[in-house]
Amino acid sequence: VWKTIGMTDSAVEWLEQYSSQSSVVQLQFKPKHSFAKLAVLLSGIAASVAFLVLNDALKTTDSLKITPLVTVFNSPVGGNRTITLSDGSDVTLAGNSSISVYINQHARRITLGKGSAYFDVTHDPTRIFSVTAQHTQVRVRGTAFEVKHSIDNAIKVSVQRGLVEVADLPEQGVADEKIIQLRENEQLRANSSGAFITEVTRFNPQAEFSWLSERLIYDDIPLKTVIMDINRYAKKPVVILDESINDLSITASFTFEQIDQMLAGLALAYPITLIEEDTRSVLVKQ
C-alpha cells in the first residue's frame with residue numbers, strides 16, 4: 001500500500017528513527033496475560049505507524065489520490081459510437097476508431113489510436129483538453145473539432161466551433177514544437193512525424209461532419225479517400241487494386257446503409273469495374 005501511494009521512504013525513516021528509542025508506545029492499561037499485552041503493544045505500534053506516516057503523507061501531498069487509469073474506447077466497423085467523458089465532454093467515434101482517455105483534476109489527455117473522432121469539449125479554464133495523434137497534438141479548453149487519421153498516414157484537424165491550437169511534437173531534443181491556431185471552419189494536415197503538410201484552409205462543414213449523421217458527402221474528393229472512409233462502415237472491405245484510379249475525383253452523397261448501391265453506382269458513372277468477392281469488394285480500372 002505504501003509503495004502504491006509513494007510513501008515507502010517516509011515509513012522506513014519513521015521506523016528507523018523510533019525503533020532505537022526505549023519506549024515506542026505508552027499504554028494506558030496493563031493486560032493480565034503476556035499474550036494480550038503483546039497483542040496490545042503490536043496494535044499500538046501498528047496504529048502509530050499508520051497514523052504518523054499517513055499524517056506525513058497528507059502534509060507532503062495535501063491529499064492522497066489514486067491515479068486514474070487510462071480508459072480505452074473502441075467503435076465497431078459499421079457504426080459510430082458516442083461517449084460522454086467524466087468531465088462532461090462528448091466524443092463521437094467514427095466506425096473502427098479507438099481512443100485512450102486520461103482525465104484527472106489537472107489534465108484531460110486523449111490519444112487517438114486509429115480512425116476519426118469528433119470532440120465537443122466542456123469548457124474548463126483550469127484544465128487543457130489535449131488530443132494526440134501520432135506526432136500531432138490539439139489543445140483546447142472548450143470547443144468542437146475533429147481529429148482524423150487521413151489518407152497517406154496523415155492527420156487532419158477540422159474545427160467546427162471555437163479556437164484550437166495544433167502543435168507538432170518533434171522527436172525529443174530535435175527541435176522546438178510549432179503551433180498553429182485554427183478557428184471555425186478551418187483545417188490543416190500533418191504527416192506522421194508531426195510536420196504540417198498543408199496551409200490552413202477553409203472547408204465545408206456540412207460535408208466534413210456529415211458522418212455524424214450517418215451520411216458521407218464528397219465533392220471532388222480522391223477515390224482513395226472515399227474508400228478509406230467507406231471501409232469504416234462497409235459490410236466487407238473495399239480494395240483498390242489499380243493505383244491509376246486512386247486519385248479519381250468523386251462527387252457523391254449517400255448514407256451508411258447505401259454503401260453497396262454507391263459502389264455499384266461508381267462502376268456506372270466512372271471508368272471503374274467493381275468485382276464482388278466473398279470476403280471483399282475490388283475496384284479496378286475499366
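These values consider heavy atoms only, across backbone and side chains, with no hydrogens, waters or symmetry-generated copies. These numbers were taken from a predicted model, which means no experiment stands behind them.
- Looking at every heavy atom in both residues, F145 comes nearest to V159 through CB-CA, 4.0 Å.
- There is a path of hydrophobic side-chain contacts, each under 4.5 Å, that joins L283 to F254.
- Atom-to-atom distance recorded for S89:OG and F119:CZ is 9.5 Å, nearest 0.5 angstrom.
- Between Y233 and F256, the angle of the ring planes stays under 30°, which puts this pair in the parallel group of the 30/60° scheme.
- Expressed to the nearest 0.5 Å, how far CG of L169 lies from NZ of K178 amounts to 13.0 Å.
- Follow the hydrophobic side-chain contacts under 4.5 Å out from L112 and you reach F73 in the same cluster.
- In this structure, CD in E165 is found 11.5 Å from OG in S130, a value given to the nearest 0.5 Å.
- To the nearest 0.5 angstrom, N96 atom CG is 8.5 Å from N74 atom CG.
- Looking at R109 and I103, their side chains never come closer than 4.5 Å, going by heavy atoms from C-beta outward.
- Membership of the apolar cluster around V239 extends to L241, I275, V282, V284, as traced through chained side-chain contacts below 4.5 Å between ILVMFWY residues.
- Expressed to the nearest 0.5 Å, how far CD of Q206 lies from CD1 of I217 amounts to 5.0 Å.
- Judged as a salt bridge (Lys or Arg N to Asp or Glu O under 4.0 Å), the pairs with a partner in residues 243-256 (not counting sequence neighbours) are, in order, K224-D247.
- Residues satisfying the side-chain hydrogen bond (donor to acceptor under 3.5 Å, both in side chains) criterion with R108, sequence neighbours excluded, are D87.
- Look at E277 and R280 and you find a salt bridge, because one of the NZ, NE, NH1 or NH2 atoms lies within 4.0 Å of a carboxylate O, short of that distance.
- Taking 4.0 Å as the cut-off between side-chain N and carboxylate O, E276 and K236 count as a salt-bridged pair.
- Residues passing the side-chain hydrogen bond (donor to acceptor under 3.5 Å, both in side chains) test with S100, sequence neighbours excluded: none.
- The hydrophobic cluster analysis finds V72 isolated: no Ile, Leu, Val, Met, Phe, Trp or Tyr side chain comes under 4.5 Å of it, directly or through other members.
- Judged as a salt bridge (Lys or Arg N to Asp or Glu O under 4.0 Å), the pairs with a partner in residues 137-149 (not counting sequence neighbours) are, in order, R139-E177, K148-D229.
- Defined by atom type and a distance below 3.5 Å, a donor-acceptor pair is missing between the side-chain atoms of T92 and R81.
- To the nearest 0.5 angstrom, L93 atom CG is 10.5 Å from R232 atom CZ.
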